[in-house]
**Student:** 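Sharing a structure with you now.
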Amino acid sequence: MRLVTWNVNSLKARLERVTAWLEMARPDVVCLQETKMADAAFPHLAFESMGYESAHHGEGRWNGVAILSRVGLDDVHPGFEDDDAPDTDARLLWATCAGVRVASAYVPNGRALDDDHYRYKLEWLARLQRNLEQHYSPEQHLAVCGDFNIAPDDRDVWSTTALEGSTHVSQPERDALAALEAWGLVDVFRRHYDADGLYSWWDYRGGAFHQGRGMRIDLLMVTEVVAAATAAVLIDRNARKGKPTPSDHAPVIADITQGADDG
DNA sequence: ATGGTCGCGCAGCGA
């Protein structure tokens with residue numbers, strides 16, 4: 001199974017780039033974030049014509065997450081799998097694809113450490129942790145994929161000094177990610193690469209992409225059975241180049257060699 | 001040079 005996560009920064013603005021990339025990369029399961037559209041506007045037919053079933057959870061102007069699959073798309077569930085009040089934002093979508101439970105997650109940005117949105121970010125991550133603890137086992141085939149808006153460690157940012165005191169690198173955020181790892185999720189990219197300077201997001205401003213000023217915040221967080229079966233991981237930074245205007249995020253790809261029907 | 005770039009949607013906010 002070829003599994004992808006990609007924050008597309010508006011699927012309406014990006015549809016041509018996304019469909020062209022799907023033709024090239026031929027993934028089996030794709031988790032999209034920041035579709036920025038209502039459910040009624042989601043282009044299910046465009047993806048169906050390419051062989052993908054699709055599910056979307058969106059609200060309109062902001063947020064919005066989707067899962068595309070050509071290996072089955074079952075037990076779709078928008079939002080957290082609990083009985084608490086629904087999330088104010090459309091940031092999470094679950095589905096089962098070829099025996100792997102998949103989540104497409106768009107973790108809140110946080111904006112600033114003293115902002116209410118930062119507290120919302122930490123609460124959101126704690127609720128995701130509870131979702132895993134209540135419904136799943138680390139022995140299962142599980143992949144939580146998305147824009148985590150957290151750089152796991154200092155290798156994952158272009159400058160620690162420039163980012164000191166800002167979101168994405170703060171200890172509480174990194175602790176929340178570490179708690180997911182302690183439960184049993186693996187940042188599978190790091191199974192394959194130790195180097196710094198490998199990013200998935202670059203600001204549109206100031207030529208950040210060409211200056212190498214980025215962060216690795218788009219993650220494939222998978223259980224050990226999935227990580228062990230992952231033969232290769234790649235960030236396709238070519239998708240951040242050229243015209244029409246690319247997303248500010250590049251897609252992250254994992255090739256999972258073993259079938260998921262044996263566990 | 002107190003800006004810079006996008007998307008949404010038509011002002012100014014969010015990223």
Side-chain angles (χ1 to χ4, degrees), chain A residues 5-21 30-43 46 56-66 87-93 104-125 128 145-152 156-170 172-174 176-177 199-219 235-252:
Chain A
T5 188
W6 195 5
N7 179 323
V8 294
N9 185 22
S10 171
L11 185 56
K12 184 183 175 188
R14 215 68 60 209
L15 189 59
E16 182 184 339
R17 297 252 345 193
V18 169
T19 55
W21 190 86
V30 183
C31 297
L32 301 176
Q33 299 87 37
E34 281 208 89
T35 60
K36 295 187 176 179
M37 55 174 53
D39 287 336
F42 190 82
H56 181 248
H57 176 41
E59 62 201 45
R61 293 176 61 181
W62 291 303
N63 312 309
V65 285
D87 192 2
T88 56
D89 299 348
R91 296 181 174 276
L92 185 64
L93 179 66
S104 180
Y106 177 43
V107 177
N109 175 288
R111 297 177 192 162
L113 299 188
D114 60 356
D115 197 299
D116 281 345
H117 204 257
Y118 178 74
R119 280 188 286 281
Y120 169 55
K121 181 179 195 173
L122 296 179
E123 289 164 7
W124 199 97
L125 288 160
L128 177 62
C145 313
D147 177 0
F148 279 77
N149 273 315
I150 302 169
D156 300 312
V157 298
W158 66 277
S159 167
T160 54
T161 50
L163 292 163
E164 195 173 353
S166 55
T167 59
H168 296 63
V169 298
S170 75
E173 293 165 79
R174 285 176 166 175
L177 198 58
Y199 308 134
S200 67
W201 172 86
W202 300 261
D203 200 300
Y204 283 123
R205 294 168 289 187
F209 179 74
H210 298 286
Q211 305 278 343
R213 297 196 295 259
M215 288 194 268
R216 191 177 68 89
I217 56 177
D218 299 274
L219 309 176
I235 300 174
D236 183 11
R237 61 193 301 288
N238 286 324
R240 180 61 177 78
K241 301 177 182 175
K243 295 287 177 184
T245 309
S247 171
D248 46 355
H249 297 252
V252 185

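Bear in mind the structure is a predicted one, so any value in this text is a computation, not a measurement. Labels below follow one simple rule: chain letters A, B, ... track the order of the sequence lines, proteins then strands, and each chain is numbered from 1.
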**Student:** Could you pull out the closest heavy-atom pair between His57(A) and Leu92(A), with the gap in Å?
**Tutor:**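 Heavy-atom minimum between the residues: CD2-O, 3.3 Å.
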**Student:** Side chain of Trp62(A), heavy atoms from C-beta onward: which of dT5(B), dG14(B), dA15(B) has the nearest atom to it?
**Tutor:**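 Output: dG14(B).
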**Student:** When rounded to the nearest 0.5 angstrom, what distance separates CG in Asn7(A) from CD in Glu34(A)?
**Tutor:**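 Separation between the atoms: 4.5 Å.
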**Student:** Among dG7(B), dC8(B), dG4(B), find the nucleotide with the atom closest to the side chain of Arg205(A).
**Tutor:**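 That would be dG4(B).
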**Student:** So, OP1 or OP2 of dG7(B): does either fall under 4.0 Å of a side-chain N or O from Arg61(A)?
**Tutor:**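 Looking at the OP1 and OP2 atoms of dG7(B), neither is under 4.0 Å from any side-chain N or O of Arg61(A).
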**Student:** Determine the Euclidean distance between corresponding C1' atoms of dG9(B) and dG14(B); express it in Å to zero decimal places.
**Tutor:**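 Per the computed distance, 13 Å lies between those C1' atoms.
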**Student:** Kindly point out which of dG7(B), dT5(B), dA15(B) is positioned nearest to the side chain of Arg91(A)?
**Tutor:**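 Shortest atom-to-atom distance from the side chain points to dA15(B).
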**Student:** Would you say Ser10(A) reaches dC8(B)'s phosphate, i.e. side-chain N/O to OP1/OP2 under 4.0 Å?
**Tutor:**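 For dC8(B), OP1/OP2 do have a side-chain N/O of Ser10(A) under 4.0 Å.
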**Student:** Of all heavy-atom pairs between Asn63(A) and Arg91(A), which one has the smallest distance, and what is that distance?
**Tutor:**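 The answer is OD1-NH2, 3.2 Å.
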**Student:** Are Arg111(A) and dC13(B) close enough that a side-chain N or O sits under 4.0 Å from OP1 or OP2?
**Tutor:**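 No, no such contact exists.
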**Student:** For atom C1', what is the distance between dA1(B) and dG12(B), given to the nearest Å?
**Tutor:**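 Straight-line distance between the two C1' atoms is 23 Å.
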**Student:** On DNA chain B, compare the nucleotides closest to Asn149(A) and Lys243(A); which residue's is nearer the 5' end?
**Tutor:**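 It is Lys243(A), whose closest nucleotide lies nearer the 5' terminus.
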